[in-house]
Structure formats: C-alpha cells, structure tokens
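First up is the structure itself, then whatever we jot down about it.
Chain letters run A, B, ... following the sequence lines, proteins first and then strands; every chain starts at 1.
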Amino acid sequence: MRTWRFSRGLSFVMILVFLLVLVLSGCGTTGGTSAKSGSSGLTIKVGIIDTYTGPPTAYTQDALDGFKLAVNDIAKEGGPKIEYVTRDDQYKVDQALSWAKELVMNEKVDVLAGTINSAVSLAVSQYAKQNKIPFINWGALSDEITGAKGHRYVFSTPPNTAMIAKTGAIQISQLPYTKFWLAGSDYEYGHLVVSDFWTDLQKLKPGVQKLGETWWKIGEPDFTPYLTAIRAAKPDAVIVGAGAADIIPFMKALKATGLSKQIPVWIPQSIDAGTLRALGNDQPEGVLGTNQYFYYYPDTAANKQFEQEFKQATNREPGFAGLYGYMAGKYLGAAIQKAGSTDREKIVDALEGLTLDTPVGQLTMRKEDHQSLDPLFYGKTPGTGVVANGLVQLSPDKVMPSVEDVMNARAKK
Amino acid sequence: MSVSMLASQLLVGLSRGMIYFIVAAGLTLVFGVLRVINFTHGSFYMLGAFIGYSVAAGIGHGSAGFWLMLVLAPLAVAGISLLVERGFLQFVYRREHLIQVLLTYALVLIAGDLVKFFWGSQYRSLSTPPIFTGSFATGSITVPKYNVFLLLVGPLVALGLWLFLSHTRFGKICRATATDREMVDILGVNSTWIFAAVFALGGWLAGLGGALMAPVVNISLGMDANTIIYAFLIVVVGGLGNIWGALISSLIIGVGEAFGALFMPDWAVVLPYIITGVLLILRPSGLLKSVW
C-alpha cells in the first residue's frame, strides 16, 4: 500500500509539471500586436490566417516576419497604420473558414491575408468573394488562386505553380534530354507542378517522351526503393515535385544512392538557401532546380538592404516566404496611399496594376488576374554551401500564363 | 529487369521492413502485455528523433555524436515513457478502451506541443556518420550503406527481444501476463512493475526507431502521425500483441512496397493498404496468433 501511495503522490507532481509546461507553452502562441502609428492618419486592420503549428511554420513564420517588416517600414515612412491580428488555421480548411468569419465579424478586419495551404487559400478566397473582402494570398502556390478560381477580391504575391513549372520547362528544354520519368509527393502541389511542367515542356520541345511516373505519400520515410526503381527505367532525366515535407529527405536519398550523379534530377526549390542549409553535408551536387527568391541574388542594393533588415529583425536570412509576406504588406500600404482611403472597394481598385519597388526590382500587380508579376530563377546545387551555381533570372513575361489563358480558364469554370 | 536490380530492391525493402519492425515491436509488446491501444507510441518515435538530434548536434554531428545518440535517445525516451506510464496510464488500465484511447491521444497532442515548445517548428536534419555515407555498389546492385546498417540492426533487435522474452524470468512473466493477467496476479507477481517496465521497453524501441531514422528523414512535427498509422497496420496484420507476427508483416509490407515501387509505381502509395486488406481478408485475426 505504501508504494502505491508514494507512486500516486509522484504522479500528481508529474501531472502538475505537465500542466505547468502546457500553460507556459500556451502563452507563447497568442499573437497580435500593432505597429507604431503613421502620420497619414489612415488606419487599416488586417486579419491574418495561416498555419502556426506544425511543419509549415518554417515558411509561415518567415512570411509573417516579412509582413511585420513591411508594416514597420510603411509606418516609419509616414504611411498608413496597418494593424493586424493572427489566427492559426492548423492547416485545416474548416478552421480557416471559421477564423475568416470571426475576423470579419468580431475583429472587424478590412483585409484578409495568409495562407500557406492552397486548399485553405482557395476556400478563404471564396469567402472573400462572397463577402467582398480583399484577400491577399502570400503563401500558397496553387495557380488556381489567381487562375481558374480568381475573382475581383483575391490577390497573390508569390509566383504560382504554373510559373515555377514554366521556369523549369525552359531550363530543361535547353538540355539534351528526351526521355523523362515524372515523380513527386502525392498531393495537390506535387501533381500540379509536375503536370504543368510536362505540358509546358511538350510545347517547348515536341517529341519528349514520358517513361513512367512514381508518386509517394507525404512524409515518406525512405526514398531508396523509389530511386532504385527509377534508376532501373533508365530515363534521361527525372522531374520531381517534392513537397515541403519531402524535399530534404529526398535530396539526402539522392546523395546516398548517387542517383543524381548518373541521371539529372530537377526539383523546384532544390537550390533554395533554406533547403541547402538544412541539407548540410548531405547535399547532392548538380541537382537542377528553380526558386522564387535568393537573398544573395540578384546582388543589388535593394536586395541587400532587405536581407540586412530582415536579419536584424529575426536573426536569419529571408527565404522566399519572407519576401512575399513583405511584399503583401508593401502592396497593401501602397494601395491605401494611392486610394487615399481604407474603403475595401477603393483598395481593390488601387491594387490593380499597382507598381512597386521591391528587393527583386520593380514589380506590378497584374490588373487582369491580380497575380504579382514576379521574377523567377533557375540553377544547380553547388555540392557544398548555400549559394547555387549558374543562376539565371527569368523575367515575369517569360513565365506568366497569358491574360488570355487565365481568362479562358476562368470562363471554363 | 535484371536479377541484380531485383536483389538490390529486395535488400532495400528488407531494410525498410526492419525499421517498421523496430517501431511496431514496441507497440505490439505494449498491446500484448498491457492491453492498451497506445497512440503515444508515434510520439515516442518522434521524441527519439528529436532527442537524437539534440544529442548529435550537441556533440558536433560526427561519428561520436551518431553512436552516442543511438544509445542516449532511446534511453531518454524509455525514461519519458516510464513517467507517462506512472503518471497517467496506470490509472486507466481497468477502464474501457475508449478512455485509454482518449488519454493516449491527448498525450499525442501534448507531446506535439511540447516538441514545438522545446525544439521549435523548424525542420531539422542530421547527417549519416562518415562510415555510412554513400552506397555499396557491385555491378548494378546499389544499396546505400545506411540501409545495410539498418538491415543488421533490425535482426539484432529481434534477436535481443527473443532472448529477453523466452530466456529471462522477466520476459517469461511478460509473456504470461500477455496470456493471462489474472493468473499472474494470483501467483503473486507484482504486475504493476511489469507493466511499467514493458511500457518503458516499448518506449525504448520507439525511441530507437526514431533515432535510427533521424539521419534519413526530416526531423519534424508530424512525423509521429505517419509512423503510428504504419505501426498499427503492421501490428494488426501480424496479430495483435504477437512480436513475430509484427516481424513477418513488417517485412512483407517493406518488401512489398519496394517491389511495388519497381513494378507498379503509380500504385505505390496505396500498396501497403492493399497488402493489409488482402492479408486481413485471408487471415482476419492476423498472420500469427493474436493475444486478444
């Protein structure tokens, strides 16, 4: 009996410790601060919905920090005061939708922003359309957001899957490969980027041949069997749409099996500094890839300044999510100034065709489809370090879907 | 399709099966002896990987860090699981399964938040030690060295478990508890500590699985959910609580997946579920005798 009593006492202490830790960790997640007031007198409230739990946080935190930086910059320059509140959608559509309603009804926000998850982004976009609230997508990459499912109230700052795929198709079409194997993580982004790539490549280089496809579930623990199978098919090159959760272990497996030494492999974001830093010594050399942003390239004063400001605020270099969160803030601030009002309809009108100076040059929010005209880059992994080899910048007009294509896609819906 | 290609795919599949086995063995052991559906097992796997990361990063990412991590991380996870068993689980053994599932699932959520609190939500990545970097390549057979290492560790763990369960007094009591708990109680064995020890051993195995996988996967939040689903599939197919059943079904699923990737890559994602379905239709109570 005595041991039983002792162990029960011990248990209570443990439960208390657990509860204490829970309470402590809970405190860290409540968000929502506001910036210093500007002198233009205009104030707007932005409701941010994004995933602040789980693996996507690697990107969403970057985007939020970029947005905060823009808010502070705008306030410092005497622009409108941008207040914001954040909500965690836990990567779930239903959660995001209830937050959207809550933000609009209780918090009385004038603008919605976020989100990393394409499905969430499309759902919030639909809500924005029904309720005539401007929504700025700064994280999701699906081309449907400003493509087939675009409308008057949705805007997108990051380049989408169609643009990423086109960049890759341009890169690969210049190389002497004809037989391809397609592979990827079995979810929306993986399929979109690979199928867009394949359509574009067939247009750029008629006669290319598809030997087969491989799809694995997200979070695959070991890629070796898939790689051995691909090696057996002997393609000229492998096209891989690896999701954020898979890209690092996949590239490690490329190095371990030596596949990328024998067969060229293309993976979007493989040359991103964040990806290469995470890979450390396991970086395979010569993997082909595209990226939306580099903090070190193009080597311009504006880009350097952004990198330094971001690093000062967060103690790390900005990834592409940081840039596109930053640009969402910049576009919004400039639109309010241009409109001279925080009226929702006037903000939408002002955003259409708005041109901005950004860390990657002068960019425009395309009037017709509300997609920011962003530059894209391609290159190769260096083998060591985080600075990619042979970088080439493509201007937006080379990789953007044409206005006509977008309008056709919308009409078809 | 050459023979050597099939051979290398077989080896890769077996090494994959070994990882499944190490994790599933702990789950099935706890299932068998404690009769608790332990969702927390996936969290222990995740903790093994995170603690392993911290140990290896603390030492400096070299070989020493790797070996030390393989020793320390599973022990730390065993310690944590002991706390969980004494602090929470021991109160619900006599309650219905729903309560047990609720409790272990709640612990999964708590563990996820604790990991986020202590390690943050960034992706983490470890390197394989220098001796396991690269591949063994003879002719057209190419197998990464680390997979070969896993192929050796798996049978060692299986052998260790077998020796423990059939040749030690404690192991025999464990098996007896799995078969007839009341009889063991009547014979005067303090089953409380048997339960605690078995749960800690289960945690140790999950932690070992996590530490072994740390150099090849993204060490991230969410790795627990992926693992626990597979572990449950394997445990159910093998026969609830039967370790040898878990070994056989791990190998079937691992090798099946590897050949699936080779022969029908379009279907690779659903293959483990098809295998599970077929095996369960053929043998509804599992490949080997279930203790339930």
Side-chain angles (χ1 to χ4, degrees), chain A residues 3-4 7-8 10-15 18 21-22 24-26 28-29 52-58 61 181 183 186 212-233 244-249 252-253 255-259 274 278-282, chain B residues 1-2 5 8-9 12-13 15-16 19-20 61 83 86-88 90-91 110 112-114 116-117 120-128 132-135 137 140 142-147 192 213 215-218 220-223 225-227 230 257-263 265-266 268-269:
Chain A
T3 52
W4 181 82
S7 72
R8 199 168 73 154
L10 192 69
S11 317
F12 277 128
V13 172
M14 272 170 217
I15 293 168
F18 261 96
V21 173
L22 265 190
L24 285 175
S25 67
T29 53
Y52 295 113
T53 42
T57 321
Q61 191 59 48
W181 191 278
D186 193 18
E213 298 185 20
T214 303
W215 298 95
W216 51 77
K217 65 177 193 319
I218 305 175
E220 174 56 50
D222 178 15
F223 289 99
T224 325
Y226 302 101
L227 297 182
T228 320
I230 291 172
R231 192 201 306 264
D246 289 337
I247 183 163
I248 288 160
K252 279 185 173 185
K255 168 101 172 179
T257 56
L259 183 78
L279 278 167
N281 296 330
D282 296 322
Chain B
M1 199 62 56
S2 64
M5 186 62 72
S8 63
Q9 200 70 341
V12 167
S15 81
R16 190 186 180 85
I19 275 297
Y20 290 156
H61 287 293
L83 292 183
R86 288 291 89 192
F88 299 96
Q90 63 155 321
F91 301 110
I110 292 171
D113 270 350
L114 285 178
K116 188 178 155 201
F117 180 68
S121 45
Q122 304 265 2
Y123 283 132
R124 275 153 214 282
S125 174
L126 272 184
S127 294
T128 48
F132 296 131
T133 308
S135 309
S140 54
T142 313
V143 181
K145 288 180 187 166
Y146 198 72
N147 285 63
T192 309
M213 285 310 269
V216 284
V217 297
N218 254 344
S220 65
L221 293 162
M223 65 192 287
N226 283 319
T227 310
Y230 261 66
E257 276 188 311
F259 283 122
L262 194 60
F263 294 117
D266 299 358
V269 173

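- Looking at Tyr230(B), the atoms closer than 4.5 Å to chain A (heavy atoms on both sides) all sit in the side chain, from C-beta outward.
- When atom types are taken as modelled, the side chain of Arg231(A) and the backbone of Thr257(A) share a donor-acceptor pair closer than 3.5 angstrom.
- Summarising the geometry of Tyr52(A) relative to Thr57(A), their closest heavy-atom pair is C-OG1, 3.8 Å, with the distance given to 0.1 Å.
- Contacts of Asn218(B) with chain A are made by both backbone and side-chain atoms, with heavy-atom separations under 4.5 Å.
- For chain B, the nearby part of Ile218(A) is the backbone; its heavy atoms alone come within less than 4.5 Å.
- Both the backbone and the side chain of Lys217(A) have a heavy atom closer than 4.5 Å to some heavy atom of chain B.
- Contact of the Pro225(A) side chain with the Val12(B) side chain is registered, since non-hydrogen atoms from C-beta on lie closer than 4.5 Å.
- For chain A, no part of Met223(B) is nearby; none of its heavy atoms comes within less than 4.5 Å.
- Using cut-offs of 30° and 60° for the angle between ring planes, the Tyr226(A) and Trp216(A) rings count as tilted.
- Closest non-hydrogen pair, Pro215(B) versus Lys252(A), comes out as O-NZ, 2.9 Å.
- Residue Asp222(A) touches chain B through both its backbone and its side chain, counting heavy-atom pairs closer than 4.5 Å.
- Contacts of Tyr20(B) with chain A are made by side-chain atoms alone, with heavy-atom separations under 4.5 Å and no backbone atom involved.
- Considering every non-hydrogen atom in both Leu126(B) and Asp282(A), the closest pair reads O-OD2, 3.5 Å.
- Ranked by non-hydrogen atom pairs under 4.5 Å with chain B, the options Ala233(A), Pro221(A), Gly274(A), Gly280(A) are led by Pro221(A).
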